[in-house]
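Shown next, in structure tokens, is the structure this report addresses.
Keep in mind it's a predicted model, so treat the numbers as computed, not measured. All ligand and atom numbering here is 1-based and tracks the order in the structure.
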Amino acid sequence: MSGAKVRIGLIGGGGMGRGHLNTFKKIEEGEIVGVADPSPQSRERVVKDFNLPVFASAAELIEATGPAGCVIASPHPVHLANALDCFKRGVHVFTEKPMTSKISEADAMIAAARKAKLMLAVMFQMRGNIATRRAKEILDAGTLGEIRRVNMIHVGLRTNAYYRICPWRGRWQSEGGGVLVNQSPHTLDRVVYLTGMPATVLARTMTFGHPIETEDQAEAMLLYPNGATGYLFMSTAEAPAMNRLEISCDRGRLVIDDDNNKLLLGKLPGSCREFLATNPEEWGSLKGEWSEVDLTPRPGEETGHIVCLRDFCRAIRDNRAPMVTGEDGKRSLELANAITYSSFAGAEVKFPLGRKAYDELYAFGVANGEGSSLTKLIPLWRKSQAKPAKASKASKAAKPARKAARKAGKRK
Ligand SMILES: NC(=O)c1ccc[n+]([C@@H]2O[C@H](COP(=O)([O-])OP(=O)(O)OC[C@H]3O[C@@H](n4cnc5c(N)ncnc54)[C@H](O)[C@@H]3O)[C@@H](O)[C@H]2O)c1
């Protein structure tokens with residue numbers, strides 16, 4: 001392709017969409033040629049602030065402007081329909097996180113891209129953070145040895161007004177989840193990106209402090225295939241804010257402290273496992289040497305949304321895979337959905353998460369969750385899983401949920 005800018009359509013001109021319109025002003029490789037949004041108010045604001053052609057649907061946008069790719073920044077439950085509209089018309093897709101609200105739809109999006117031989121890219125801009133980049137380099141170099149433990153805390157307060165002003169948030173019908181699919185996908189993605197997928201998850205979610213239907217707090221215990229363990233905590237109902245990831249390995253530890261923009265590296269003189277086995281002293285100790293990793297960006301390193309958006313334009317121009325593919329981007333969604341499923345079932349869930357089982361739980365949320373909270377919905381769902389004749393004895397109360405969790409781990 002010549003030096004011409006890659007023509008990009010934007011689907012969804014709300015808060016994030018307008019952010020992307022501003023970012024595109026700094027991207028030499030691409031340009032936004034039009035915006036699709038069913039809301040007349042959103043379209044009016046786009047025309048006023050950006051003077052771009054606007055359309056009521058993705059189909060109209062594509063037919064009128066012929067973009068090479070589209071950026072999807074609509075609410076997540078409509079990402080799949082928007083993506084299918086693009087693939088049907090031969091247009092590459094870059095979707096905001098999360099790809100969709102449920103894993104079966106992410107599978108469908110990936111399959112549609114593959115069938116159409118088109119690109120599917122996902123927004124996970126936290127991968128461009130300098131601390132994330134350096135942590136990845138250190139882990140990939142292998143000097144810290146095998147991962148033993150992971151600890152992630154992501155706390156980002158959201159007021160009731162936040163949910164009231166954008167009423168699609170925190171509802172089963174219009175969002176399909178809470179903190180797990182809206183505020184924490186980036187931090188979940190970073191866990192999976194740096195440490196891989198766990199083998200199982202045991203979780204608890206709750207509607208803790210907001211008048212919403214879905215989870216504003218989630219915590220999960222992970223077990224990795226190598227026996228390493230993990231603990232994740234996510235909340236929009238706690239303060240002060242905290243974003244921290246610890247990865248403990250056999251030969252040292254990494255601590256990403258986003259609030260203070262620090263990456264700490266603790267190096268052991270050798271393997272902890274070997275030391276445990278061979279040190280003869282009763283009180284032998286293994287001390288780490290701590291240092292702060294330099295987080296000065298290297299020449300050409302960018303951070304923020306521009307990393308992924310520029311990459312999308314370049315990937316189209318150069319006919320290569322994007323920085324975060326659909327396959328890669330769906331892993332943290334599968335973890336998020338499994339945390340929800342485990343919490344409902346009150347039992348450990350194995351990966352891969354059963355698609356049919358999760359679709360059924362999601363449909364239950366949509367059908368029964370309106371105006372409710374997880375405090376009421378989870379017991380209601382458990383009751384729905386119980387076989388009427390066998391559920392009478394208190395000692396058997398947890399059985400149907402455990403059975404459901406096994407089903408979720410098996411059924412695809
Ligand atoms: N990467 C990030 O840092 C980041 C930050 C915020 C939001 N997001 C993601 O961006 C997406 C949008 O979030 P937001 O905060 O901008 O929401 P928003 O409510 O501010 O904007 C959504 C826009 O999409 C429009 N829309 C609704 N249905 C549509 C459809 N079928 N087709 C096209 N447009 C449609 C709405 O009218 C609205 O203008 C979400 O998936 C969210 O998770 C990502």
Side-chain angles (χ1 to χ4, degrees), residues 9-24 32 34-50 52 54-62 67 70-86 91 93-102 105-106 109 121-129 132 154 156 158 161-171 173-190 214 234 236 243 258 303-312 323-324 329-330 332-333 336:
L10 174 68
I11 302 173
M16 192 65 263
R18 285 196 301 277
H20 293 336
L21 290 174
N22 278 318
T23 302
F24 259 90
I32 299 283
V35 179
D37 197 307
S39 152
Q41 291 83 359
S42 293
R43 293 202 299 271
E44 263 169 44
R45 279 192 73 178
V46 166
V47 172
K48 185 170 157 282
D49 297 342
F50 299 94
L52 281 166
V54 289
F55 305 89
S57 70
E60 289 168 70
L61 161 73
I62 294 167
C70 276
V71 170
I72 300 176
S74 51
H76 6 290
V78 292
H79 286 181
L80 176 62
N82 289 149
L84 295 181
D85 275 341
C86 294
V91 172
V93 166
F94 176 100
T95 176
E96 259 301 343
K97 55 45 65 172
M99 289 171 71
T100 60
S101 293
K102 54 181 180 179
E105 291 193 346
M109 199 187 282
V122 187
M123 171 64 88
F124 276 123
Q125 78 268 12
M126 196 175 251
R127 293 197 189 191
N129 283 12
T132 310
H154 180 212
R158 299 293 192 278
Y162 165 89
Y163 291 101
R164 210 172 40 243
I165 288 165
C166 265
W168 63 268
R169 294 175 180 145
R171 313 265 165 238
Q173 179 71 50
S174 49
E175 170 144 51
V179 65
L180 287 166
V181 296
N182 196 325
Q183 293 79 27
S184 287
H186 293 293
T187 43
L188 282 174
D189 174 70
R190 183 163 66 178
T214 55
M234 293 147 277
T236 58
N243 201 350
D258 290 306
T303 57
H305 298 109
I306 198 166
V307 176
C308 299
L309 293 172
R310 191 192 294 285
D311 176 79
F312 180 53
M323 179 179 147
V324 185
K330 84 168 184 182
S332 50
L333 176 65

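One finds the CD1 atom of Ile72 at 9.5 Å from the CE atom of Met99 (value rounded to the nearest 0.5 Å).
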Show every donor-acceptor pair shorter than 3.5 Å between a side-chain atom in residues 176-190 and any protein atom, with sequence neighbours excluded, or say none if there are none.
{"residue": "Asn182", "atom": "ND2", "partner": "Glu175", "partner atom": "OE2", "Å": "2.8"}
{"residue": "Gln183", "atom": "NE2", "partner": "Tyr162", "partner atom": "OH", "Å": "2.8"}
{"residue": "Ser184", "atom": "OG", "partner": "His154", "partner atom": "ND1", "Å": "2.9"}
{"residue": "Thr187", "atom": "OG1", "partner": "His154", "partner atom": "ND1", "Å": "3.0"}
{"residue": "Thr187", "atom": "OG1", "partner": "Ser184", "partner atom": "O", "Å": "3.0"}
{"residue": "Asp189", "atom": "OD1", "partner": "Arg127", "partner atom": "NH2", "Å": "2.8"}
{"residue": "Asp189", "atom": "OD2", "partner": "Arg127", "partner atom": "NE", "Å": "2.9"}
{"residue": "Arg190", "atom": "NH1", "partner": "Thr132", "partner atom": "OG1", "Å": "3.3"}
{"residue": "Arg190", "atom": "NH1", "partner": "Asp258", "partner atom": "OD1", "Å": "3.3"}
{"residue": "Arg190", "atom": "NH1", "partner": "Asp258", "partner atom": "OD2", "Å": "3.4"}
{"residue": "Arg190", "atom": "NH2", "partner": "Asp258", "partner atom": "OD2", "Å": "2.4"}

Below 3.5 Å only, please: the N or O atoms of ligand 1 paired with protein N or O atoms, distance on each line.
{"residue": "ligand 1", "atom": "1 (N)", "partner": "Glu96", "partner atom": "OE1", "Å": "3.0"}
{"residue": "ligand 1", "atom": "1 (N)", "partner": "Glu96", "partner atom": "OE2", "Å": "3.4"}
{"residue": "ligand 1", "atom": "1 (N)", "partner": "Gln125", "partner atom": "OE1", "Å": "3.2"}
{"residue": "ligand 1", "atom": "1 (N)", "partner": "His186", "partner atom": "NE2", "Å": "3.4"}
{"residue": "ligand 1", "atom": "3 (O)", "partner": "Gln125", "partner atom": "NE2", "Å": "2.9"}
{"residue": "ligand 1", "atom": "3 (O)", "partner": "His305", "partner atom": "NE2", "Å": "2.9"}
{"residue": "ligand 1", "atom": "16 (O)", "partner": "Gly15", "partner atom": "N", "Å": "3.4"}
{"residue": "ligand 1", "atom": "16 (O)", "partner": "Met16", "partner atom": "N", "Å": "2.7"}
{"residue": "ligand 1", "atom": "19 (O)", "partner": "Trp168", "partner atom": "NE1", "Å": "2.7"}
{"residue": "ligand 1", "atom": "20 (O)", "partner": "Gly15", "partner atom": "N", "Å": "2.9"}
{"residue": "ligand 1", "atom": "37 (O)", "partner": "Asp37", "partner atom": "OD1", "Å": "2.6"}
{"residue": "ligand 1", "atom": "39 (O)", "partner": "Gly14", "partner atom": "N", "Å": "3.4"}
{"residue": "ligand 1", "atom": "39 (O)", "partner": "Asp37", "partner atom": "OD2", "Å": "2.6"}
{"residue": "ligand 1", "atom": "39 (O)", "partner": "Ser42", "partner atom": "OG", "Å": "2.7"}
{"residue": "ligand 1", "atom": "41 (O)", "partner": "Ser74", "partner atom": "O", "Å": "3.3"}
{"residue": "ligand 1", "atom": "41 (O)", "partner": "His76", "partner atom": "ND1", "Å": "2.8"}
{"residue": "ligand 1", "atom": "41 (O)", "partner": "His79", "partner atom": "NE2", "Å": "3.2"}
{"residue": "ligand 1", "atom": "41 (O)", "partner": "Lys97", "partner atom": "O", "Å": "3.4"}
{"residue": "ligand 1", "atom": "43 (O)", "partner": "His76", "partner atom": "ND1", "Å": "3.3"}
{"residue": "ligand 1", "atom": "43 (O)", "partner": "Lys97", "partner atom": "O", "Å": "2.9"}
{"residue": "ligand 1", "atom": "43 (O)", "partner": "Lys97", "partner atom": "NZ", "Å": "3.0"}

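The side-chain contact (heavy atoms from CB on, under 4.5 Å) test applied to Ala121 returns Phe94, Phe312, Pro322, not counting sequence neighbours. Applying the side-chain contact (heavy atoms from CB on, under 4.5 Å) test to Ser57 and every residue at least two apart in sequence or in another chain returns Ala59, Glu60.
No donor-acceptor pair under 3.5 Å is formed between the side chain of Arg169 and the backbone N or O of Tyr163.
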Please determine whether side chain to side chain contact (heavy atoms under 4.5 Å, CB included) holds for the pair His76 and Trp168, giving the CA-CA distance in whole Å, both sets of side-chain angles, and the decisive distance to 0.1 Å. CA-CA 10 Å; His76 6 290; Trp168 63 268; 3.6 Å; yes

